[in-house]
Amino acid sequence: MTDLLPRRVRVGYGLGSVATGTFGTVPGLMLLPYLTDTLGVAAAVAGLIVLLPKAWDVVLNPIAGRISDRTDDPRGPRRPFLLRGGLLLAACFALLFAGPDLGSTALDALWVLVLFVGCATAYAFFQVPYVAMPAEITDSYAERTRLMTWRVAILAFAILLSGASAPAIRNAFDGRAGYRVMGLVVAVILVVGVVGAYVGTVPARVGRATAGEGTLRDQLRVVAEARDFRLLLTTFVLQALATGAMLAGVDYVSRWVLGDKELSTILFVCFVGPALVLTPVWNLVGQRIGKKRGYIAASLVLATGACVLIGARSAPHALVFVATALVGAGYAGAQMFPMAMLPDTAAVDARRTGVNRAGVYTGVWTAGETLGLALGPGVYGLVLALGGYHSSTTGGAAQPSSAITAIVLGFSALPAVLTMVSLLWLRRYDLGADVVEEALTP
């Protein structure tokens, strides 16, 4: 396999992030407010509804990885799943927010739960094969960083596009109609990413190492014993929980702290926008000081911004936006570096053992990422409940001071603490460039 990838493959692979970024962002941003402030579901119950389907993915993702590892297809073992899982995801997402008024809060909530489980299932069979591909596309440590630079740049654009447009579309219509239109528009964005990734990776060469023998449990046990993978995953899951909580808080902070729900789009752009500019900068940082040290630096920037936001309740709007942009600057690197480090762990394992477990590795990885992003809104919903947040079907219920405090702390202090704690695991990660290149040298 050649070390350098054609630009078409880099861009084509990156387009898959339009789907992963959109689905990873919009439910975390919109689903909790939809449940609490449109369907009238209690905050704690709403958090549970957001969590359970993603928790299902924790079980399903390794299975999806195992299935793709053992798939034999002329198009490659991963690419068929991009189309099948991705298009099903778009259909389920459109239906998620298109539920009819069933005349009962419980039935409305059940509709959301069932369709979100459908989304999560389809997403598993898109995301896991998609994330598994870099370890097989190239053997180059540096080329994987370049590939992830394209992916994260497109990911940032997709998150910005979907995350900024979703609340704007919702706000343009009254009540549930806004959510229905938003769901259809986001489904179209998902289709663009899915088809783009499928078509763009046609020229990609895919490794053909023999899939591991034994049961799924045997394979998971081997992956669980991979020290560096385990440390990297723990770091990433804790940070996914942190960013998931921040995403869930955007709508609440704009409405109850900044005093204008229309500001949710600006707040979100401040969170994601810096990644469009700074992802190439983080790539240069990684080339200069290494992926691990770059990841630590990005995490510290993210945590610093989150700490500043603790004072959001009394701070000027401008300071809140600047602090959120600082979080976004760190978020760009905290996305790029682990994505570039994951294929290293899988490729080193495959070269040392002669067994291709890339699907299982990425299945476990995406299960952890999904759990973290799901726990973020779930934990944020619990924080709202502890603060005494009042749900309603109009979004206009008066909130006690304790609820406003909970909104702020869940958006700031909680992510800051989680990010700093995650570094306890990252500092023990040992797969630097020298180790990876030595392991992959024939």
Side-chain angles (χ1 to χ4, degrees), residues 57-59 61-66 69 128 131-136 138-142 144-145 148 207 209-242 286 289-300 333-373 375 418-442:
D57 266 357
V58 175
V59 177
N61 281 18
I63 297 174
R66 173 77 162 179
D69 274 346
V128 175
V131 177
M133 294 177 73
E136 300 166 338
T138 177
D139 278 342
S140 171
Y141 177 88
R144 291 194 196 104
T145 303
M148 289 306 110
T210 304
E213 299 296 329
T215 65
L216 176 62
R217 180 177 295 181
D218 295 333
Q219 295 288 297
L220 291 175
R221 185 180 299 115
V222 172
V223 171
E225 292 171 356
R227 175 182 178 275
D228 290 294
F229 172 78
R230 189 173 65 246
L231 294 171
L232 185 63
L233 176 64
T234 302
T235 303
F236 191 63
V237 169
L238 287 172
Q239 294 194 9
L241 200 165
I289 67 175
K291 298 179 188 179
K292 174 184 172 179
R293 292 174 67 187
Y295 191 7
I296 291 173
S299 301
L300 291 175
Q335 286 291 298
M336 189 200 76
F337 286 116
M339 289 178 184
M341 294 158 78
L342 168 63
D344 294 337
T345 64
V348 167
D349 174 75
R351 180 59 64 91
R352 287 175 175 171
T353 64
V355 177
N356 179 11
R357 282 185 282 259
V360 177
Y361 267 86
T362 54
V364 174
W365 177 271
T366 54
E369 178 185 15
T370 299
L371 178 62
L373 289 174
L375 281 173
L418 288 170
T419 301
M420 294 304 298
V421 169
S422 73
L423 298 183
L424 296 175
W425 282 268
L426 181 58
R427 62 190 295 269
R428 294 157 53 200
Y429 177 87
D430 290 332
L431 287 185
D434 54 342
V435 177
V436 175
E437 296 292 2
E438 180 182 353
L440 297 182
T441 300

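Remember, it's a predicted structure, so these values are computed and weren't measured experimentally.
- With sequence neighbours left out, Ser422 forms a side chain to side chain donor-acceptor pair (under 3.5 Å) with Gln239.
- Across all their heavy atoms, Gly290 and Phe337 have their closest contact at O-CE2, 4.5 Å.
- Side-chain atoms of Lys292 come within 3.5 Å of backbone atoms of Arg427 as a donor-acceptor pair (strictly under, hydrogens ignored).
- Residues Thr419 and Ala242 come closest through the heavy atom pair OG1-CB, 3.8 Å.
- Taken to the nearest 0.5 Å, the OG1 atom of Thr235 stands 8.0 Å off from the CE atom of Met341.
- In plain terms, the two heavy atoms of Ala298 and Ala334 that are nearest each other are CB-N, 3.6 Å.
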request  = May I have the step-by-step check of side chain to side chain contact (heavy atoms under 4.5 Å, CB included) for Tyr429 and Thr345, ending in yes or no?
outcome  = CA-CA 11 Å; Tyr429 177 87; Thr345 64; 3.9 Å; yes
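- In terms of heavy atoms, Asp228 sits closest to Asp430 at OD1-N, 2.7 Å.
- In this pair, Trp365 and Phe229 present their aromatic rings tilted. The plane angle is within the 30 to 60° band.
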key: Steps toward side chain to side chain contact (heavy atoms under 4.5 Å, CB included) verdict (Leu232, Tyr295)   = CA-CA 10 Å; Leu232 185 63; Tyr295 191 7; 4.0 Å; yes
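- The line from CG of Leu238 to CG of Leu233 is 9.5 Å long, rounded to the nearest 0.5 Å.
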key: Test side chain to side chain contact (heavy atoms under 4.5 Å, CB included) applied to Leu424 and Thr234, step by step   = CA-CA 10 Å; Leu424 296 175; Thr234 302; over 6 Å; no
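- For Arg428, the side chain to side chain contact (heavy atoms under 4.5 Å, CB included) criterion is met by Arg227, Leu231, Trp425, not counting sequence neighbours.
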